[in-house]
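All remarks here apply to the structure that follows.
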Protein chains: 2
Amino acid sequence: MTATFIARHKQTILYGILLALLLFLLKWLELRLLIIHHSFEIYAGIIALLFTGVGIWLALKLSRPKVQTMVIEKEVYINNFSPFTFNEGALSQLNMSRRELDVLQLMANGLSNQEIADQLFVSLNTVKTHSARVFEKLEVKRRTQAVEKGKRMGLIP
Amino acid sequence: MTATFIARHKQTILYGILLALLLFLLKWLELRLLIIHHSFEIYAGIIALLFTGVGIWLALKLSRPKVQTMVIEKEVYINNFSPFTFNEGALSQLNMSRRELDVLQLMANGLSNQEIADQLFVSLNTVKTHSARVFEKLEVKRRTQAVEKGKRMGLIP
DNA sequence: ATCAAAATCACCCTAAAGGATGAGCCTTAT
DNA sequence: ATAAGGCTCATCCTTTAGGGTGATTTTGAT
């Protein structure tokens with residue numbers, strides 16, 4: 001419990017310690033160099049400036065940047081003349097799992113969900129779940145589109 | 001409103017509290033060990049706190065929201081070079097009519113029967129009739145199989 | 001050891017696809 | 001003109017596909 005707290009707020013604690021050190025430094029400077037000849041206002045000003053800076057730095061550090069995604073379409077030409085070269089990149093980019101790919105493959109062979117289920121030794125519902133994920137990931141609505149896109153992308157022969 | 005603010009600036013607030021605690025610690029040490037003039041340190045601490053806050057406020061108010069543009073390259077797969085040679089023989093041998101071929105073609109593009117109907121300016125029922133004939137002639141049971149076989153036979157690209 | 005993803009299955013419901021059959025309307029060849 | 005084939009549309013019905021949600025178990029990685 002305590003350990004996890006420390007781990008989670010490690011940065012915050014570090015900041016605190018750093019600040020303490022800064023204060024010590026200030027104290028040291030005060031004693032060593034600028035021996036209290038100067039007026040209180042000057043110290044106050046220095047401290048104010050310093051810690052305003054610290055505050056700004058903190059805010060910039062801690063404020064999380066708004067992430068704005070910009071999608072750029074990049075055309076990739078695929079020669080489907082070849083004896084099918086599997087597109088590893090596309091697969092990992094789409095985050096397609098092994099099983100989903102299996103289902104897509106059998107879909108492309110024209111099997112019904114029930115037939116796919118029988119072939120993979122799973123239930124019809126499972127196949128439906130997989131196919132739904134495939135459609136999501138390929139951003140399509142129907143199995144025919146999934147097959148078409150899958151072939152274009154080199155996921156299936 | 002207040003809750004979200006707290007949630008959003010949780011770290012900052014935590015830092016503030018920690019800082020205060022550290023200052024108290026400092027003060028305590030000072031009183032215990034090097035009992036010197038208090039007034040200045042207290043003021044310094046207060047000023048430090050205050051202006052740290054000011055700095056944070058300044059940074060948050062004045063700095064434009066950090067926008068981190070994340071460029072995502074979305075690959076669009078395009079099937080370039082496909083030397084599709086139409087198989088006249090197969091078409092006549094199968095006795096496929098013009099309209100049936102149209103339907104098969106649109107099927108292969110992943111359209112639903114309704115979409116095909118809209119595109120060909122005919123009714124849904126008509127498309128169903130055509131597709132049924134296509135299935136008969138290609139000796140298949142499903143549209144996915146029809147598309148697969150149609151492509152293999154060179155009826156569609 | 002623990003946490004996240006993947007895989008599995010279920011239930012409910014709607015939409016789409018497919019089968020069977022009949023029928024009216026064109027165009028074309030006989 | 002008439003028969004034939006193609007195109008169109010309809011109705012009724014069954015099967016399959018797909019969407020949404022939730023739950024459990026396996027597996028993999030840290």
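Reminder, nothing fancy here: chain letters follow the sequence lines and each chain counts from 1. On a predicted model such as this, the values are computed, not experimentally measured, just so you know.
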- Task: Flag the pair V122(A) / R99(A) as yes when at least one side-chain heavy-atom distance between them is below 4.5 Å, and no otherwise.
- Result: yes
- Query: Separation of N95(B) atom CG from dA4(D) atom P, in whole Å?
  - Reply: 15 Å
- Query: Can a side chain N or O of S97(B) be found less than 4.0 Å away from OP1 or OP2 on dC7(D)?
  - Reply: yes
- Could you check which residues of residues 102-118 of chain A get a heavy atom under 4.0 Å from DNA chain D? Sort them by number, please. S112(A), N113(A)
- Message: The criterion is side-chain contact (heavy atoms from CB on, under 4.5 Å); which residues satisfy it with E148(A), sequence neighbours excluded?
- Response: R152(A)
- Task: Indicate yes or no: at least one non-hydrogen side-chain atom of V147(A) is less than 4.5 angstrom from one of T144(A).
- Result: no
- Message: What residues from residues 137-148 of chain B pass a heavy-atom cutoff of under 4.0 Å to DNA chain C?
- Response: K141(B), R142(B), R143(B)
- Item | Student check: side-chain heavy atoms of Q145(B) and L138(B) closer than 4.5 Å | no
- Query: If an axis is fit to five pairs at each end of the helix from dA1(C)-dT30(D) to dT30(C)-dA1(D), what is the angle between the two, to the nearest 10°?
  - Reply: 50°
- Message: Within the supplied structure, the quantity of interest is the number of heavy atoms (other residues, nucleotides, ligands) at a distance under 6.0 Å from R142(B) CZ; does it exceed 12?
- Response: yes
- May I ask you to evaluate whether R99(B) reaches the phosphate of dT8(D), defined as a side-chain N or O under 4.0 Å from OP1 or OP2? yes
- Outer limits of DNA chain C sitting under 4.0 Å from a non-hydrogen atom of chain B, read 5' to 3', are dA17(C) to dG19(C)
- Message: Expected output is a numbered-order residue list: members of residues 121-136 of chain B with a heavy atom under 4.0 Å from any atom of DNA chain D. What is it?
- Response: V122(B), S123(B), N125(B), T126(B), T129(B), H130(B)
